[in-house]
Amino acid sequence: MIWTSARDARAWLDAANGTGDTELTCRILKIGEEAGEVAAAWIGVLGQNPRKGVTHTREEVAAELADVAFTALVAIESLGLDAHAALAACVAKVHARLGDAGPAAPAGMNRSGNGDV
C-alpha cells in the first residue's frame with residue numbers, strides 16, 4: 001500500500017507539474033519543508049515559545065514525521081528509482097552496522113532488510 005501510494009503520488013505530481021529538473025528539485029526541497037514542520041511541532045510540544053505555550057502533541061509530531069517519510073519516498077520515486085528497494089537497502093545497511101549484537105529487526109522486516117513495511 002505504501003509503495004503503491006508513493007508511486008501514485010509521483011504520477012499525480014508528474015501529471016500536474018511535469019517531470020523536469022525544476023520539479024524534481026521542488027520535490028526534494030519539499031522534504032526540508034516538511035522537516036521544518038516537524039521542528040515546529042516539537043517546539044510546540046515543549047512549549048518553547050512562552051507566548052504560545054504548549055501547542056502540539058507527540059501524536060502531531062509523529063504525523064509530521066510520517067509526512068517527511070512519505071515525501072521522501074515520493075522524491076525517490078520521482079528520481080525514477082524504486083522507493084521500496086531504496087529503503088530496504090538503507091535498512092540493510094543499518095542492520096549491517098548493528099551486527100549480531102544489534103536489536104531484532106522491526107516487525108515486517110527481517111535481519112537482512114527484506115520484507116514489506
Side-chain angles (χ1 to χ4, degrees):
M1 172 96 164
I2 293 170
W3 315 112
T4 302
S5 295
R7 282 188 293 276
D8 289 348
R10 188 226 54 215
W12 177 73
L13 289 168
D14 288 354
N17 299 338
T19 59
D21 284 346
T22 299
E23 176 60 21
L24 181 56
T25 300
C26 289
R27 292 181 200 184
I28 292 169
L29 291 174
K30 181 74 174 163
I31 299 165
E33 178 191 359
E34 296 293 344
E37 292 177 16
V38 172
W42 186 244
I43 287 167
V45 166
L46 298 177
Q48 183 64 28
N49 183 333
R51 184 175 54 81
K52 294 181 180 179
V54 174
T55 59
H56 290 76
T57 66
R58 287 176 177 256
E59 290 76 15
E60 289 170 318
V61 173
E64 296 295 349
L65 286 165
D67 284 348
V68 172
F70 189 74
T71 301
L73 296 177
V74 173
I76 293 167
E77 290 287 335
S78 296
L79 289 167
L81 302 171
D82 183 316
H84 183 268
L87 188 58
C90 178
V91 170
K93 180 174 61 175
V94 169
H95 280 285
R97 286 187 202 140
L98 296 174
D100 291 335
M109 186 69 63
N110 63 33
R111 295 282 290 167
S112 67
N114 297 322
D116 195 24
V117 288

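- Counting all heavy atoms, side chain and backbone alike, His56 lies closest to Ala41 at CB-O, 3.4 Å.
- Within the structure, every pair that satisfies the salt bridge (charged side-chain N to carboxylate O under 4.0 Å, His left out) test and touches residues 10-30, not counting sequence neighbours, is listed here: Arg10-Asp14, Asp14-Arg27, Glu23-Arg27, Lys30-Glu33, Lys30-Glu34.
- Across all non-hydrogen atoms, the minimal contact from Leu73 to Ala6 is CB-CB, 4.1 Å.
- Between Trp3 and Leu87, the closest side-chain pair of non-hydrogen atoms falls below 4.5 Å.
- Residue pairs meeting the salt bridge (charged side-chain N to carboxylate O under 4.0 Å, His left out) criterion with at least one partner in residues 36-56, sequence neighbours excluded, do not occur; the list is empty.
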Original post:
side chain to side chain contact (heavy atoms under 4.5 Å, CB included) between Val74 and Phe70: does it pass, once the steps are laid out?
Top reply: CA-CA 6 Å; Val74 173; Phe70 189 74; 3.6 Å; yes
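- Between Asp8 atom CG and Met1 atom CE the span is 9.5 Å, to the nearest 0.5 Å.
- In the hydrophobic clustering, where aliphatic and aromatic side chains (Ile, Leu, Val, Met, Phe, Trp, Tyr) are joined below 4.5 Å either directly or transitively, Leu65 groups with Ile31, Val38, Trp42, Val45, Leu46, Val61, Val68.
- Residues passing the side-chain contact (heavy atoms from CB on, under 4.5 Å) test with Leu81 are Ile76, Leu79, sequence neighbours excluded.
- Applying the side-chain hydrogen bond (donor to acceptor under 3.5 Å, both in side chains) rule to pairs touching residues 61-75 yields nothing, sequence neighbours excluded.
- Between the CD atom in Glu77 and the CG atom in Leu13 there is a gap of 12.0 Å [rounded to 0.5 Å].
- By the side-chain contact (heavy atoms from CB on, under 4.5 Å) test, Thr25 is found to be paired with Leu29, residues two or more places apart in sequence or in another chain being considered.
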